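Beneath this line is the structure, given in structure tokens, with notes to follow.
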Amino acid sequence: MPKRYLIANWKMNLPPEGLETYMRVVGTAPVADILMVVAPPFPYIAAAHGLRHGHVAVGAQNCADQPSGAFTGEVSPGMLRGLGAIYAVVGHSERRTVYGESDALISRKLALAIATGLTPVLCIGEDLKVREAGHAARFLADQVKAVTSPALESADVIVAYEPIWAIGTGRNASGAMCAETTAEIRDAIGRFWPARHAGGSLLYGGSVTPDNVADLVSNGHIDGFLVGGASLDSARFLAIHRAMTAG
Ligand code: PGA
């Protein structure tokens with residue numbers, strides 16, 4: 001069975017003052033077979049790590065593709081690991097579209113994250129135009145294929161299906177659409193990645209809330225969620241955990 005995850009992606013949000021309460025509240029989640037991860041902005045990672053309660057781990061929202069050197073503004077996987085992060089989101093659509101990250105860059109980030117001992121959470125997802133044209137399956141397969149790192153031979157990668165049209169829009173994919181699309185993604189992983197990844201964890205992200213999680217859990221054929229907006233409130237994030245365990 002793939003591991004199940006619930007990951008909070010704060011993006012560039014929340015002041016640091018609320019961190020202690022947030023970690024305490026989220027840490028009250030009852031022990032379940034769900035790994036909870038909080039990915040705050042970089043400057044909070046060390047504090048978040050120190051404030052962990054319960055079964056919550058800390059992750060980063062991004063990482064550099066180089067271990068060190070003259071790369072102004074970048075943060076290496078080794079630095080993040082040193083602060084206590086054990087996961088790193090790689091290739092989020094906001095990185096791809098707003099900051100122009102290419103598949104080649106994302107592949108390097110993924111390889112270095114793995115080499116450094118971080119578990120990457122690779123995000124893939126189509127935009128509305130691609131979805132409406134009926135090309136989502138091919139587009140997603142191409143995104144999977146584009147990650148060509150030899151590091152895939154040796155390590156776990158979590159894949160998050162995050163359709164761009166669902167991120168921050170209040171319009172989530174239904175459980176049925178998730179099931180269909182994740183089957184297509186699994187097929188692509190089977191074709192393009194080493195066999196060991198065939199049964200790996202596959203998450204969904206995009207406007208997940210406590211209210212729509214039941215349908216996604218029962219019909220979505222997924223192993224958890226990457227949550228943006230609804231993760232900013234610890235009680236709402238906890239409610240998603242509750243809905244996952246209730247199903
Ligand atoms: P959202 O963001 O839950 O606010 O849609 C998800 C994400 O971008 O990871």
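Scope of the values below: all heavy atoms of this structure, side chains included, with no hydrogens, waters or symmetry mates. Since the structure is predicted, the reported quantities are computational estimates derived from the model, not experimental observations. Numbers here simply count residues along the sequence, with the first being 1. When a ligand or atom number is given, it counts from 1 through the structure's own listing order.
No salt bridge links Glu184 with Arg138; every basic N to acidic carboxylate O contact stays at or beyond 4.0 Å. Look at Arg131 and Asp127 and you find no salt bridge, because none of the NZ, NE, NH1 or NH2 atoms lies under 4.0 Å from a carboxylate O. One finds a salt bridge joining Asp33 and Arg4 here, because a Lys/Arg side-chain nitrogen approaches an Asp/Glu carboxylate oxygen to under 4.0 Å.
Atom CD of Glu20 has 12 or fewer heavy atoms from other residues, nucleotides or ligands within 6.0 Å. The number of heavy-atom neighbours closer than 6.0 Å to NE2 of His53, taken from other residues, nucleotides and ligands shown, is above 12.
Considering backbone and side-chain atoms alike, Val227 places every N or O at 3.5 Å or more from each N or O of ligand 1. The distance criterion of under 3.5 Å between nitrogen or oxygen atoms is not met by Glu94 with respect to ligand 1.
Residue contact check for ligand 1: Ala230 places no non-hydrogen atom closer than 4.0 Å to it. Contact annotation: Ser93 has no heavy atom less than 4.0 Å from any atom of ligand 1. Using 4.0 Å as the threshold, Gly205 has no heavy atom nearer than that to any atom of ligand 1.
Protein heavy atom at the shortest distance from atom 9 (O) of ligand 1 is Glu162 OE2, 2.8 Å. Atom 6 (C) of ligand 1 has its closest protein heavy atom at Gly228 N, 3.5 Å. Looking from atom 4 (O) of ligand 1 to the surrounding protein, the closest heavy atom is Gly229 N, 2.8 Å.
Residue-level proximity to ligand 1 for Asn9 is carried by the side chain, the only part with a heavy atom below 4.0 angstrom.
Other cluster members for Val37: Tyr5, Ile7, Leu35, Ile86, Tyr87, Val89, Val121, Ile158, Leu203, Leu226, joined by side-chain heavy-atom distances under 4.5 Å among Ile, Leu, Val, Met, Phe, Trp and Tyr.
Between Tyr22 and Trp10, the distance from one ring center to the other falls under 6.0 angstrom.
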